[in-house]
There are 2 protein chains.
Amino acid sequence: MPRPSRWNEIVEAAAEAFRTNGFAATSLEDIASAVGIWKGSLYHYINSKEDLLFAVVRGPAEEILKQIQELSETDLPPTEKIRRATRSHVKVLESNFVYASVYLQEIAGRRKLPEWTAMDREYLDLLESIVREGVESGEFSAVTNPRIATLALIGSLNWLTHWYRPGGPLHADEISDQFCDLFLGGLIVRTPRSKSKPNQKAATPSPTVTPLKTTKPRAKRTA
Amino acid sequence: MPRPSRWNEIVEAAAEAFRTNGFAATSLEDIASAVGIWKGSLYHYINSKEDLLFAVVRGPAEEILKQIQELSETDLPPTEKIRRATRSHVKVLESNFVYASVYLQEIAGRRKLPEWTAMDREYLDLLESIVREGVESGEFSAVTNPRIATLALIGSLNWLTHWYRPGGPLHADEISDQFCDLFLGGLIVRTPRSKSKPNQKAATPSPTVTPLKTTKPRAKRTA
DNA sequence: CGAGAAATGAAACGATCGTTTGGTTATCCT
DNA sequence: AGGATAACCAAACGATCGTTTCATTTCTCG
């Protein structure tokens with residue numbers, strides 16, 4: 001991967017085009033003309049079109065993983081870990097918005113290259129182990145399935161690429177704080193009631209309406 | 001749009017291919033050979049390749065919107081509305097998993113056709129108004145920004161297409177129940193304390209660690 | 001200044017794609 | 001049965017795409 005000045009322009013133009021039209025629907029001519037060169041000239045910087053995709057995507061992918069790796073090595077209480085993980089996730093998404101959007105749309109979807117799926121998996125596992133830590137310490141007593149809770153948080157965060165706009169009215173810090181408050185505390189401020197009964201349905205304080213089939217008896221299913 | 005028997009095969013094959021490789025990277029030859037016909041023969045069913053995309057996507061998009069429209073017309077308490085909305089959202093995603101995945105990846109992203117963005121917008125607005133209803137009734141006293149809370153829930157739900165696998169170990173009812181419990185109640189079962197102080201940070205019961213910059217003073221910014 | 005390397009221009013290639021055309025077979029209806 | 005209509009075959013077209021090749025310009029630095 002070369003280093004000269006035009007290279008940054010090229011990667012930025014590629015990222016912008018990939019985000020708007022998708023990788024497959026973006027032609028090298030689109031990128032070249034955005035920079036002001038001929039499409040053949042791109043091959044002094046790349047060996048194939050896919051090189052551009054990886055160049056766009058590598059930065060934020062490695063950054064976001066590094067952040068949670070460092071966080072996992074601390075001994076902060078789980079609540080604080082979740083708060084900081086949420087913040088750094090939103091921060092990386094904001095600071096590298098176009099790049100990160102391309103990653104989530106083109107890599108985290110479709111492509112199954114083992115290098116990237118391993119990174120996704122490691123990130124998920126580290127975040128889940130934080131949640132699990134909170135469950136075991138008794139702080140997250142409302143969680144029944146740590147993996148689902150973790151995936152819910154990751155979903156909220158990554159979905160930012162579908163609606164967040166840099167320079168828009170919502171600041172990243174504001175968003176991450178509210179996400180974190182919501183994830184940790186939920187919508188409802190519970191009335192002090194069943195303390196020693198960590199019921200699965202403890203979060204539902206409205207008995208006004210008969211619920212329609214709370215939880216089906218599950219069919220057994222392994223793996 | 002024609003009706004014969006092969007038409008269903010074609011749409012299913014298209015959906016499967018679109019989900020795996022994306023719309024732009026899928027050739028009509030891929031779809032035709034999956035059904036066992038020549039690619040030119042597809043044009044007795046369609047006028048252009050995009051027709052296939054819309055045929056794949058229309059069903060679940062209209063269904064998921066219809067469900068929340070009907071729900072909005074009831075006078076159930078907000079908590080119950082959220083629970084039912086979550087359930088039906090997961091249900092539609094599960095029952096039409098491939099179709100819905102294509103919608104979220106190809107329509108809710110990139111494409112800006114006004115018909116679909118209007119549907120997305122209406123769905124978001126209806127769900128947000130439920131949240132807002134709960135805030136005004138006092139039930140959702142922990143919410144400071146209804147739109148962000150709504151987008152967080154939608155993100156968790158739609159991210160299902162990135163990790164859920166039909167026939168896998170997790171049942172759809174189980175997932176939607178846990179999502180809903182998490183969204184309504186959060187990770188933490190709060191200890192009865194500040195009842196009449198709906199502080200922004202009421203959800204953070206761990207004062208062990210000094211938070212790093214809670215919320216920056218925001219730069220003013222309109223629109 | 002001038003040689004050598006880096007960067008870009010300019011054109012062409014083979015492959016593939018969406019679409020069209022026209023003919024052939026199968027299916028349905030009364 | 002037989003005609004009409006739908007379904008499909010088979011081939012080809014023009015356009016576009018990723019990539020290659022080679023000539024030319026621009027930059028670097030001793």
Side-chain angles (χ1 to χ4, degrees), chain A residues 1-58 99 102-103 105-107 109-113 116, chain B residues 1-58 99 102-103 105-107 109-113 116:
Chain A
M1 296 302 152
R3 7 239 281 330
S5 62
R6 278 286 177 95
W7 175 240
N8 295 329
E9 286 183 54
I10 292 171
V11 174
E12 277 181 40
E16 202 59 53
F18 290 163
R19 161 155 174 83
T20 317
N21 304 111
F23 174 78
T26 298
S27 71
L28 292 180
E29 171 118 359
D30 293 338
I31 299 169
S33 73
V35 184
I37 61 177
W38 290 64
K39 63 173 179 175
S41 305
L42 288 173
Y43 280 80
H44 246 236
Y45 300 90
I46 59 175
N47 291 320
S48 80
K49 188 187 174 187
E50 272 204 330
D51 288 352
L52 276 173
L53 178 60
F54 298 146
V56 163
V57 135
R58 175 161 294 115
Y99 298 149
V102 173
Y103 179 87
Q105 294 199 4
E106 300 290 340
I107 306 286
R110 320 198 204 309
R111 262 161 244 267
K112 294 282 192 181
L113 304 180
W116 304 103
Chain B
M1 293 303 153
R3 5 242 279 335
S5 62
R6 277 285 177 96
W7 175 240
N8 295 329
E9 287 183 54
I10 292 171
V11 174
E12 278 181 38
E16 202 61 51
F18 290 162
R19 163 158 172 80
T20 317
N21 303 111
F23 174 77
T26 299
S27 72
L28 291 180
E29 171 117 0
D30 293 337
I31 300 169
S33 73
V35 183
I37 62 176
W38 289 66
K39 62 174 181 174
S41 306
L42 289 173
Y43 281 80
H44 253 229
Y45 299 89
I46 59 175
N47 291 320
S48 80
K49 188 187 175 188
E50 272 205 328
D51 288 351
L52 276 173
L53 179 59
F54 298 145
V56 163
V57 136
R58 175 162 292 116
Y99 298 150
V102 173
Y103 179 87
Q105 293 198 5
E106 300 289 339
I107 306 286
R110 320 197 202 308
R111 264 162 242 270
K112 294 283 194 179
L113 303 180
W116 304 104

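So you know, we letter chains A, B, ... as the sequences are listed, proteins then strands, and number each from 1.
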Any chance you could measure A:R111, atom CZ, to B:N21, atom CG, to the nearest 0.5 Å?
-> 9.5 Å
Is any side-chain nitrogen or oxygen of B:R6 closer than 4.0 Å to OP1 or OP2 of D:dA7?
-> no
Mapping B:S41 and A:S41 onto DNA chain D by nearest heavy atom, which one lands closer to the 5' end?
-> B:S41
Under 30°, 30 to 60°, or over 60°: which ring-plane class applies to B:Y103 and B:W116, parallel, tilted or perpendicular?
-> perpendicular
Any donor-acceptor pair under 3.5 Å from B:D30 side chain to B:T26 backbone = no
May I have the distance from B:I37 (atom CD1) to C:dT24 (atom C1'), rounded to whole angstrom?
-> 16 Å
Output for pair (A:L53 CG, A:I107 CD1), nearest 0.5 Å, gives 4.5 Å
Under the side-chain hydrogen bond (donor to acceptor under 3.5 Å, both in side chains) test, residues paired with B:E29 that sit two or more places apart = none
Who are the side-chain hydrogen bond (donor to acceptor under 3.5 Å, both in side chains) partners of A:S33, not counting sequence neighbours?
-> none
Distance in angstrom units between B:I46 CD1 and C:dG18 P, rounded | 9 Å
Atom-pair distance (CH2 on A:W7; P on C:dT8), nearest Å = 12 Å
Atom NE2 of B:H44 and atom P of D:dA10 are separated, to the nearest Å, by 15 Å
Nearest-angstrom distance from the residue atom CG of A:L42 to C1' of D:dT20 | 14 Å
In whole Å, what is the span from the OH atom of A:Y43 to the P atom of D:dG18?
-> 7 Å
Taking the side chain of A:K39 as its heavy atoms from C-beta onward, which of D:dC8, D:dC17, C:dA7 lies nearest to it?
-> D:dC17
Check the distance between C:dT19's P and B:K49's NZ and give it to me in whole angstrom.
-> 8 Å
Would you find a donor on one side and an acceptor on the other, under 3.5 Å apart, between the side chain of B:K39 and the backbone of B:S27?
-> no
Taking only the side-chain nitrogens and oxygens of A:W38, find out if one of them lies under 4.0 Å from OP1 or OP2 of C:dT8.
-> no
May I ask you to list the residues of residues 20-35 of chain B, by number, that have any heavy atom positioned under 4.0 Å from an atom of DNA chain D?
-> none
